[in-house]
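Worksheet: the structure to be examined is printed underneath.
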Amino acid sequence: MRSNIIITAVARLLSILMTVISLPIIIRILGENDYGLYVLIFGFVTVIAGISNLGLGYHAMRNLSSRVPIGEKSSLFLPQFYTHCGLGVLLFVVAQYSEFIPGFSAYVSSGGIWFYVASYFLVYPIHSQWGLLFKFTENHLLFNLVTTLLQVIYLTVLSYFYFRYSKLDLNNLFIAHLVSFVLVSLIFSPAACKIIEFSRTFYSKKSFLYDARHGLPLVLIVVMEAIVNVSDRYVINYYLSIDKVAHYALAATLVSMLLMLPRLLTVVLEPRVYKLVNEGNFSEVGQVVSKASLLFLVIGIPVTIGSYFLGQSLVSLYVSQSMGQSAGPILWILNLGACFFGLAMLQTVILLSYEKTKPLFLINMMIAVINVSLNVMFLKFFMHIGAAAVATLISYMIQYFAILSLVRKFTEVEVWNKELVKIFMAALLAGLVMSLSMELGASDVSLTALCLLILEYIMIYMVSLVILKSSILGIAFPSIKIFRR
């Protein structure tokens with residue numbers, strides 16, 4: 001498990017690095033308005049693409065890791081593969097010959113973007129299916145190569161457009177997505193063909209009904225999560241302006257880097273937890289998820305406290321002063337919400353292993369309704385993007401505790417214990433010392449000063465954990481003697 005985590009961690013770190021470098025450049029080239037428009041359109045498109053398989057891969061996800069013979073893997077994988085590709089063709093036709101995203105045509109100067117949007121649905125399924133196959137057959141190296149190479153190709157194509165035409169527009173961004181999907185699908189097809197054998201294997205009535213019964217709630221869960229994740233952008237656009245959408249989206253994108261850690265952990269956790277449940281090792285499930293949750297919080301809590309002190313300075317230096325003043329102060333609120341969402345994400349793995357998709361859907365539906373209601377109410381009265389951040393935080397807190405209460409019916413996940421207190425105290429102490437250093441220094445934080453403050457914060461945090469004798473360091477760094485109790 002540790003080697004798989006290391007492989008996935010390296011891939012996620014590369015992804016974060018590419019995002020950190022490219023995001024401010026793209027925003028500056030596009031401008032705040034066009035970037036805000038891209039966020040709105042692409043958010044809608046990715047939601048539709050994400051649910052385009054209608055949840056029909058549930059049986060494959062649930063059992064691929066336990067099926068060794070290639071013939072059995074093929075019979076599990078191929079029916080939902082063919083179905084997903086067919087649904088992609090259907091979405092392409094619908095998107096191409098209809099106003100698929102009503103209300104945005106007035107913003108877009110070039111009508112060609114709708115062809116690229118439609119083509120996104122056509123090329124997305126194969127890339128998505130290769131990722132599913134590699135992930136749930138526990139080929140973590142291939143899975144991470146798929147996700148990393150996709151981003152590398154995307155940024156390479158964008159670089160070509162910029163150096164060729166000295167500008168970027170929305171069409172260029174969608175063309176880059178299409179090229180990256182096609183090339184990654186072609187590059188990894190030979191590896192996929194070594195895991196499965198293609199044949200005319202389609203759904204039987206029994207297997208289709210099983211996938212539909214358990215998978216359809218998963219699709220609805222994705223829809224509800226998408227409403228929580230992207231609806232605030234549309235409400236901000238309605239009550240404020242499209243440039244404020246860009247400000248909020250920037251903060252949300254930076255916070256999404258924190259969520260890469262629980263996503264990293266679920267890549268390894270899902271196959272393992274499914275296998276433990278299939279083999280009847282129920283006692284280990286809670287222990288594995290508990291360790292993963294604490295590993296997430298040992299990063300999530302200091303990031304949240306650090307962003308409270310440094311959020312505005314970080315965004316101002318990263319993109320612009322205007323974005324720093326607007327997006328910087330809400331970073332810590334979104335990071336705190338991400339901590340609760342990340343914990344909920346990890347514990348959802350347990351519910352999926354026990355096939356509890358219906359209660360998961362009901363929880364997420366409740367959260368979606370709460371989130372949209374809070375966004376509308378808060379933004380209408382406060383007219384600031386911070387209102388949307390608070391709405392997100394409240395929604396994720398409710399979601400986490402609702403999922404936790406359900407998980408406890410099956411196993412005990414220990415998160416709220418003395419280790420959590422030690423992590424919080426260490427991060428708070430480091431934050432206070434860093435704040436004192438800022439007060440004693442210049443009023444405007446330079447890039448060099450920011451880097452030194454972050455380094456100071458990390459060092460004091462780590463030393464504080466050692467002094468407090470936190471056992472989480474022994475889990476994260478078992479080979480370092482001083483961290484082992």
Side-chain angles (χ1 to χ4, degrees), residues 1-13 15 57-67 131-144 146-147 214-215 218 221-222 225 256-300 338-357 359-360 363-364 396 399-400 403-404 406-416 419-420 472 474-478:
M1 180 177 178
R2 197 173 303 279
S3 62
N4 292 333
I5 290 178
I6 292 172
I7 291 171
T8 309
V10 170
R12 292 298 183 267
L13 287 173
S15 178
Y58 179 80
H59 189 48
M61 292 188 295
R62 185 72 172 73
N63 294 285
L64 269 174
S65 62
S66 301
R67 303 293 184 98
L132 182 149
L133 178 64
F134 297 147
K135 177 179 178 179
F136 287 97
T137 54
E138 300 187 76
N139 288 283
H140 295 284
L141 178 60
L142 288 175
F143 173 78
N144 287 294
V146 166
T147 55
H214 294 286
L218 282 180
I221 288 170
V222 171
E225 286 184 351
S256 69
M257 297 179 194
L258 174 60
L259 289 173
M260 285 189 178
L261 180 55
R263 290 192 175 101
L264 177 160
L265 293 168
T266 55
V267 167
V268 181
L269 274 180
E270 283 185 13
R272 185 176 181 190
V273 170
Y274 289 165
K275 193 171 184 179
L276 287 171
V277 173
N278 289 343
E279 294 173 351
N281 296 326
F282 305 112
S283 60
E284 291 186 38
V285 172
Q287 297 173 13
V288 169
V289 176
S290 296
K291 286 184 179 180
S293 299
L294 284 173
L295 282 173
F296 167 54
L297 290 177
V298 81
I299 303 296
C339 287
F340 284 100
F341 183 64
L343 290 175
M345 193 186 306
L346 292 169
Q347 294 183 18
T348 295
V349 174
I350 297 176
L351 298 180
L352 292 178
S353 69
Y354 285 96
E355 301 182 356
K356 300 300 176 182
T357 54
L360 260 179
I363 290 173
N364 281 275
Y396 285 152
Q399 180 190 39
Y400 166 70
I403 290 176
L404 178 63
L406 190 58
V407 165
R408 283 177 172 168
K409 295 179 180 179
F410 303 96
T411 187
E412 191 64 34
V413 178
E414 294 184 7
V415 176
W416 302 91
E419 287 303 319
L420 183 63
I472 192 65
I475 297 173
F477 308 102

How far does CG of Leu259 sit from CE of Met345, to the nearest 0.5 angstrom? 5.0 Å
Using a 4.5 Å cut-off on heavy atoms from C-beta on, say whether the side chain of Val289 contacts that of Thr411. no
Minimum heavy-atom distance between Ala338 and Leu258, given as atom pair plus value: CB-CD2, 4.1 Å
First locate atom CZ of Arg272, then atom OG1 of Thr266, and finally report the distance between them rounded to the nearest 0.5 Å. 14.5 Å
List the steps, then state whether ring pair (Phe, Tyr, Trp, His ring centres under 6.0 Å) holds for Phe143 with Phe134. CA-CA 5 Å; Phe143 173 78; Phe134 297 147; 8.2 Å; no
With a 6.0 Å cut-off on ring centres, are Tyr396 and Phe341 close enough? yes
Taking the side chain as every heavy atom from C-beta outward, state whether Lys356 and Pro359 have any pair of such atoms under 4.5 Å apart. yes
Tell me, with the steps shown, if Gln287 and Glu412 meet side-chain contact (heavy atoms from CB on, under 4.5 Å). CA-CA 8 Å; Gln287 297 173 13; Glu412 191 64 34; over 6 Å; no
Compare every heavy atom of Glu284 with every heavy atom of Leu276, then report the nearest pair and how far apart it is. CD2-OE1, 3.7 Å
For the atom pair OG (Ser290) and CG (Leu295), what is the distance rounded to the nearest 0.5 Å? 11.0 Å
Looking only at heavy atoms, the pair that brings Cys339 and Phe296 closest together is O-CE2, 3.3 Å
Which residues satisfy the side chain to side chain contact (heavy atoms under 4.5 Å, CB included) test with Ile403, sequence neighbours excluded? Ala344, Gln347, Thr348, Leu351, Leu360, Ile363, Gln399, Val407
Check whether any side-chain heavy atom of Ser293 sits under 4.5 Å from a side-chain heavy atom of Val413, and report yes or no. yes
Determine whether Val10 and Asn144 satisfy the following criterion, side-chain contact (heavy atoms from CB on, under 4.5 Å), listing intermediate values before the conclusion. CA-CA 9 Å; Val10 170; Asn144 287 294; over 6 Å; no
Could you report the tightest heavy-atom contact between Pro262 and Leu346, atom names first, then the distance? O-CD2, 3.8 Å
Does a side-chain heavy-atom distance below 4.5 Å link Tyr274 with Leu352? yes
